[in-house]
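Read the structure below first, then the notes.
Convention: sequence-line order gives letters A, B, ...; per-chain numbering from 1. Values reported hereafter were calculated over all heavy atoms of this structure, with side chains retained and with hydrogens, waters and symmetry mates removed.
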2 protein chains.
Amino acid sequence: MRPNKKDELVRKALTVFYRDGFHATGMDKLVAETGVSKTSIYKHFRTKEELIVAVLKLRDENFRAWFEARVDELADTPADKFLAAFDALGEWFEEDSYRGCMFINAGAEYQCKDDPIRMEAAHHKQVLLDYFTDLARQAGARDPEALGCQILLLKEGAIVMSSLMGTTKPACDAKDTARILLDHALKG
Amino acid sequence: MRPNKKDELVRKALTVFYRDGFHATGMDKLVAETGVSKTSIYKHFRTKEELIVAVLKLRDENFRAWFEARVDELADTPADKFLAAFDALGEWFEEDSYRGCMFINAGAEYQCKDDPIRMEAAHHKQVLLDYFTDLARQAGARDPEALGCQILLLKEGAIVMSSLMGTTKPACDAKDTARILLDHALKG
DNA sequence: CTCAAGGTGTACTGATCGGTAAACTTTTGC
DNA sequence: GCAAAAGTTTACCGATCAGTACACCTTGAG
């Protein structure tokens, strides 16, 4: 299997895992949906867990690339980017294929603390925290670490609520809240 | 099986499902851990899904009873209760058995919109939203619905982050954030 | 061409999945 | 006491789980 074939396998597996969940997706279903035989899959990944980790790494890459690019498209100044982040989230929530945050979902299914899958999820959230903290610093916030934390809490809360309630409203609620926090962090 | 035996089954099943997840918990494990035979379980619940719904109803009852009681213990005025809510959350995060929010976890594993399990999770969040909105009204917030939403977003975000990162810090971060939002909602 | 090397599909492993049939034990009503 | 009803246990169902043995086929080198 050529390297790009391997990438294609991970890409297709990502779709299936995100749509149906991790435990609910058997290797046989993966074979049927990716068109790659089980033997070939196990040539590149020793276990299902290893495949899932590869899928999550791709997801992290894809999501952050999309998110940060979209935020940059929607706003010019660091302060505006905070608000635009929630517009971008709102667009995500509207997609038919939206199933919440894949890393939150992964963490829900793999509760063991030292599980590589869970660690991948934790890493994703840490990188997002760094992104928001950096943005807060650029915006000139009094306490960038605090503002970064706050925005991330709002983002995660909005994802959970939009996913469970099936509404995009949490994106708006979170944006309104972010505006208050932003004003508070920048004023005087 | 006496009715209280049925309750005991649900109570023990709750522990196992919360600890290990839903798909990862087979009926055989449930038999081993509850001491109730499979036939007896299926006398009271036609399917695993029905049992899970019963478990979630109990969890909703238990969690909200504990949470609201703890908030009332920690604070007297409605405004202070908002802040105390995050102290209560912090205590929850510290428990060894803490595995995040069982309803978020359930929603992650059962993505089909009309699944009774998912609907139970959505119901739990709606009831919490009503609780916070009511508290906001009592506190005299300018826009109680908005403040209720905001606090709920913070709570869900704190749960997700504390669970994935293995820290109780999000409870403090969320409390600090809540203070800002509360001031904003109450000021002239 | 031949031949070796490596990727691929078929068919299978034992274990476990959710769920059930039927024999057995306990409780209940009279 | 005595039978019916209710609850429980054992043993099992076909399906699916993650993972593998092995034969087959394609490909590139000489």
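Spacing between atom NE2 of A/H44 and atom C1' of C/dT8 amounts to 11 Å, rounded to whole angstrom units. Rounding to whole angstrom units, CG of residue B/L9 and P of D/dT8 are separated by 10 Å. Nucleotide C/dG18 holds its P atom 9 Å from the NE2 atom of B/H23, rounded to whole Å. As a whole-Å value, the separation of A/I52 CD1 from D/dC17 P is 13 Å.
Side-chain contact check for A/N105 and A/E109: no donor-acceptor pair (N or O, by modelled atom type) lies under 3.5 Å.
Classified by interplanar angle (parallel below 30°, tilted 30° to 60°, perpendicular above 60°), the ring pair B/F132/B/F82 is parallel.
Annotation: salt bridge (Lys or Arg N to Asp or Glu O under 4.0 Å) contacts of B/D130 (sequence neighbours excluded): none.
For the pair B/R59 and B/Y18, the cation-pi test (distance below 6.0 Å, angle within 45°) is passed. For B/K48 and B/Y42, the positive end is not near the middle of the six-membered ring at less than 6.0 Å and at most 45° from its axis.
Looking only at side-chain heavy atoms (C-beta outward), B/F103 and B/D60 come within less than 4.5 Å of each other.
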### Query
What one-letter contact string describes nucleotides 19-27 of chain C from 5' to 3', where B marks a base within less than 4.0 Å of any protein heavy atom, S marks contact via sugar-phosphate atoms alone, and - marks no contact?
BBBB-----

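One finds a side-chain N or O of A/S37 lying less than 4.0 angstrom from the OP1 or OP2 phosphate oxygen of C/dG9.
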